[in-house]
Q: 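This is the structure I have questions about; it appears just below.
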Amino acid sequence: MQPILDLLLKSTTVTTASPYAAETARRRTFAIISHPDAGKTTLTEKLLLFSGAIHIAGSVKARKATRHATSDWMEIEKQRGISVASSVMQMLYRDCVINLLDTPGHKDFSEDTYRVLTAVDSALMVIDAANGVEPQTKRLIEVCRQRNTPIMTFINKMDREGRDPLELLDEVEQALGMPCVPMTWPVGQGKTFGGIVDLRKQHMRLFRAGEAKRDDESDEIVPLSESATLLTKFGHEFELAQGNIDLLTGAAPAFDGDAFFAAQQTPVFFGSGVNNFGVQEILDALVDLAPPPHARHSSNKDGSTVEVPPDSAGFSGVVFKVQANMDPSHRDRIAFVRVCSGKYESGMKLKVQRTTKELRPTSVVTFMSQRREAVEEAFAGDIIGFTTHGGVQLGDTITAGRADQAELQYTGLPFFAPEMFQTVELLNPMKSKQLTAGLVQLGEEGAIQVFRPHVGGNMLLGAIGQLQFEVVQHRLKSEYGVECRLMGSSFVGARWVTANTPEELRKFTDRNAGKLALDGADTLAYLLTSPYDLRLTQERHPEITFHALREHAGLVLQRAS
């Protein structure tokens, strides 16, 4: 194993000529991903606890408890004990600025998670020791692999009966398609769980159950040089762990920072998040091993791409999330921006590249879930929030408006075609304005996709999963005072459409007006009535291109116009 200092220096190599290089090297921006109930939100709480960002962790299980997870701030999240929206939290640890994004685990909110993964430099994958790699985890892994996002793995709930650690490693390797490099190793499991061996520091941390508060007393740590003591204390379990460690030392590759950054290797940790155990090792590894901000791709008008270094001059960022009503009493809208380059300073002039209009946020903040602090400065890797009253959409590039940023446009934010549709029926006709405002805002933040039929009629809601409809209905009532009924629809899918010329597009719209709708970004979509509808329509209209991702459709429309 390389010394921690060597790994840190290797992972923070940046261009020293830039005045922002040192600040950029201090940033770590990562998302926590997992299948539901693997312990993701609990681990988020404990990382905040160990960094000193909070002093008492919320309960994520007891729905009637007075405390809730720091990252679960919506009323529906507190009621159901689940995460339905991504949360952003910033903390300081060992002179590093860590931006942590907690994502929903439920598959119905996968779109929000996919967009968050475009804003991070690495991911922490949480796996239940009893269940292994589950379906939703596999989907998230695919998204990470498409972007070559480095993944660290935490195998959770070792204090419960679970599967053999070697079997779990093999399953993770197969799911990720890359080798695992254990950084810690468990001694025992379930009732016989005695602690973890830290292979980097060559000692064993003895297990004891944790609480909501972090105990100031140090855990009991025994050097591996005192193996006789550990063998006496844990007997067969320690002997078995020693044998596994010896086996892995000969068979598993050594940790390689370059391979990890290229998403060709994953470091693996074991522990129990609910008991505060193994959390310290993860937090240290995020500082020591996780990558700092990297260059990001920008698309020019001619279709070419360029790389924008994180420590380059000129502030720029991309909107990856919009959230309405984080503070219901003020009816605010927050645009979450990943800083991609340069330095943001309080009061600087900003420009929305899509519209070329000036952006004048009423405030710019950093986050601890729903709590905010005013931002004086921010660097590449930071997540900051602009309080706005409109004019900003998901995927928008924000710049300082410099001459050399005229064509800057970050790419890669996905909008997936919905697979389920329902129509909205208002119960109180006097609330039509509130309904329209609520649907527009919820559509802009990506909680749901809102479609306006091309030839008139009730608005359509499109979603990936049924739970999205329930959340939107709940939020319309609680945040906008609107009660509505959601009715079934004959549509079963959608594709955004483009053509090479406006004339071709006009002919298509004239012949298919009843199946066309405009989404929240005024992008034209064709609504499908059956699985065979798309194939038949493509055969009849070969001049039209049908897109399953709106990101692609938006780029084609921009060039065609």
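As the structure is a prediction and not an experimental result, all values here were calculated from the model.
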Q: Give me each pair satisfying salt bridge (charged side-chain N to carboxylate O under 4.0 Å, His left out) with a member in residues 487-506, each pair once, sequence neighbours excluded.
A: none

Q: Before accepting this row, confirm whether a basic side-chain N of the pair Lys349/Glu358 lies closer than 4.0 Å to the acidic partner's carboxylate O.
A: no

Q: Is Thr509 reaching over with its side chain to a backbone N or O of Leu505, donor-acceptor style, under 3.5 angstrom?
A: yes

Q: If you take all heavy atoms of Cys144 and Ile33, which pair is closest and at what distance?
A: SG-CD1, 4.0 Å

Q: The criterion is side-chain contact (heavy atoms from CB on, under 4.5 Å); which residues satisfy it with Thr397, sequence neighbours excluded?
A: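 With sequence neighbours excluded, Thr397 shows a side-chain contact (heavy atoms from CB on, under 4.5 Å) to Gln353, Thr399, Leu408, Gln409, Tyr410, given in chain and number order.
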
Q: Using the test salt bridge (Lys or Arg N to Asp or Glu O under 4.0 Å), find all partners of Lys351 that sit at least two apart in sequence or belong to another chain.
A: none

Q: Any idea how Phe508 and Tyr526 line up, ring-wise: parallel (<30°), tilted (30 to 60°), or perpendicular (>60°)?
A: tilted

Q: Determine whether Gln422 and Leu460 satisfy the following criterion, side chain to side chain contact (heavy atoms under 4.5 Å, CB included), listing intermediate values before the conclusion.
A: CA-CA 6 Å; Gln422 292 192 0; Leu460 284 165; over 6 Å; no

Q: For residues Leu486 and Gln473, determine if any side-chain heavy atom of one lies less than 4.5 Å from a side-chain heavy atom of the other.
A: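 Leu486 reaches Gln473 side chain to side chain.
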
Q: Is there side-chain contact between Thr44 and Leu100, with at least one heavy-atom pair below 4.5 Å?
A: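 Sidechains of Leu100 and Thr44: in contact.
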
Q: Could you report the tightest heavy-atom contact between Val392 and Ala335, atom names first, then the distance?
A: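 Smallest interatomic distance, heavy atoms only, reads CG1-CB, 4.0 Å.
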
Q: Only counting residues at least two apart or in another chain, list the ones meeting side-chain contact (heavy atoms from CB on, under 4.5 Å) with His294.
A: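 Residues passing side-chain contact (heavy atoms from CB on, under 4.5 Å) with His294: Asp121, Arg296.
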
Q: Looking at every heavy atom in both Ile334 and Gly385, which two are closest together, and how far apart are they?
A: CG2-CA, 3.9 Å

Q: Distance-only, no hydrogens or angles: does the Glu377 side chain make a donor-acceptor pair with backbone N or O of Lys343 under 3.5 Å?
A: no

Q: When rounded to the nearest 0.5 angstrom, what is the spacing between CZ in Phe491 and OG in Ser530?
A: 11.5 Å

Q: Enter the distance from Ile384:CD1 to Thr366:OG1 here, rounded to the nearest 0.5 Å.
A: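 It comes to 9.0 Å.
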
Q: Going through the checks in order, is the side chain to side chain contact (heavy atoms under 4.5 Å, CB included) test met by Glu470 and Gln466?
A: CA-CA 7 Å; Glu470 297 177 24; Gln466 179 63 34; 3.9 Å; yes

Q: Can you pull out every side-chain hydrogen bond (donor to acceptor under 3.5 Å, both in side chains) where at least one residue sits in residues 452-465? Sequence neighbours excluded, please.
A: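 The answer is Arg452-Asp522.
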
Q: Checking Ser341 against Ser316 for the side-chain hydrogen bond (donor to acceptor under 3.5 Å, both in side chains) test, could you report, in this order, the C-alpha distance in whole Å, the side-chain angles of both residues, the deciding distance, and whether it holds?
A: CA-CA 5 Å; Ser341 70; Ser316 69; 2.6 Å; yes

Q: Going through the checks in order, is the side chain to side chain contact (heavy atoms under 4.5 Å, CB included) test met by Glu45 and Leu49?
A: CA-CA 6 Å; Glu45 290 284 299; Leu49 185 68; over 6 Å; no

Q: How many angstroms lie between atom CG of Leu43 and atom CG of Asp102, to the nearest 0.5 angstrom?
A: 9.5 Å

Q: Looking at side-chain heavy atoms only, is the closest gap between Ile127 and Val133 below 4.5 Å?
A: yes

Q: Should Gln538 and Leu534 count as side-chain neighbours, where that means a heavy-atom distance under 4.5 Å?
A: yes

Q: To the nearest 0.5 angstrom, please state how far the CG atom of Leu439 sits from the CZ atom of Phe451.
A: 12.5 Å

Q: Identify all side-chain donor-acceptor contacts of residues 423-438 below 3.5 Å with residues at least two apart in sequence or on another chain.
A:
residue: Glu425; atom: OE2; partner: Arg485; partner atom: NH1; Å: 2.5
residue: Asn428; atom: OD1; partner: Met430; partner atom: N; Å: 3.1
residue: Thr436; atom: OG1; partner: Ser432; partner atom: O; Å: 3.0

Q: Check whether any side-chain heavy atom of Ile398 sits under 4.5 Å from a side-chain heavy atom of Val319, and report yes or no.
A: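 The answer is yes, as the side chains (C-beta and beyond) meet within the 4.5 Å cut-off.
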
Q: Residues two or more places apart in sequence or in another chain: which of them pass ring pair (Phe, Tyr, Trp, His ring centres under 6.0 Å) with Phe386?
A: none

Q: Given 3.5 Å as the limit, does a donor-acceptor pair link the side chain of Asp510 with the main chain of Lys507, or not?
A: no

Q: Looking only at non-hydrogen atoms, find the nearest pair between Ala463 and Gln468 and report the distance.
A: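 Scanning both residues completely, I find the closest heavy atoms to be CB-OE1, 3.5 Å.
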
Q: Check the side chains of Thr266 and Thr153 for a donor-acceptor pair under 3.5 angstrom, ignoring hydrogens and angles.
A: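 Side-chain D/A pair, Thr153 to Thr266: present.
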
Q: Could you note down all residue pairs passing salt bridge (charged side-chain N to carboxylate O under 4.0 Å, His left out) where residues 122-134 supplies at least one of them, sequence neighbours left out?
A: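 Sorted pair list: Asp128-Lys157.
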
Q: Thr388 and Leu359: side chain to side chain contact (heavy atoms under 4.5 Å, CB included), yes or no, with the steps?
A: CA-CA 8 Å; Thr388 71; Leu359 176 65; 4.0 Å; yes

Q: How long is the straight-line distance from OG1 of Thr41 back to CD1 of Ile32, given to the nearest 0.5 Å?
A: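 Separation between the atoms: 8.0 Å.
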
Q: What pairs with Glu345 under side chain to side chain donor-acceptor pair (under 3.5 Å), at least two apart in sequence or on another chain?
A: none

Q: Go through the structure and list residues passing ring pair (Phe, Tyr, Trp, His ring centres under 6.0 Å) with Phe315, not counting sequence neighbours.
A: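 If we apply the ring pair (Phe, Tyr, Trp, His ring centres under 6.0 Å) test to Phe315, skipping adjacent residues, the hits are Tyr344.
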
Q: Backbone N or O of Ala38 within a donor-acceptor pair of the Asn156 side chain at under 3.5 Å?
A: yes

Q: Taking all non-hydrogen atoms of both residues, which atom of Asn99 and which atom of Arg27 are closest, and how far apart?
A: ND2-CG, 4.3 Å

Q: Specify the closest pair of heavy atoms between Pro291 and Ser122, including all atoms of both residues, with the distance to one decimal.
A: CD-CB, 3.9 Å

Q: Are side-chain heavy atoms of Cys340 and Arg338 found at a separation under 4.5 Å?
A: yes

Q: Tell me which pairs pass salt bridge (charged side-chain N to carboxylate O under 4.0 Å, His left out) where either residue lies in residues 524-549, with sequence neighbours left out.
A: Lys515-Asp533, Arg535-Glu539

Q: List the residues meeting salt bridge (Lys or Arg N to Asp or Glu O under 4.0 Å) with Arg402, not counting sequence neighbours, and say none if there are none.
A: Asp404

Q: I'd like to know if the side chain of Lys46 and the backbone of Val274 have a donor-acceptor N/O pair within less than 3.5 Å.
A: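 Indeed, once roles are kept as given, a pair shorter than 3.5 Å links the two residues.
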
Q: Hey, what do you get for CD (Gln441) to CG (Leu476), rounding to the nearest 0.5 Å?
A: 10.5 Å

Q: When you compare the side chain of Ser298 with that of Thr305, does any pair of heavy atoms fall below 4.5 Å?
A: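 Heavy-atom side-chain distance check fails, nothing below 4.5 Å.
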
Q: Is there a side-chain contact between Gln393 and Val322 (heavy atoms, below 4.5 Å)?
A: no

Q: For the CZ atom on Arg511, are there more than 12 heavy atoms of other groups (residues, nucleotides or ligands in this structure) within a distance under 6.0 Å?
A: no

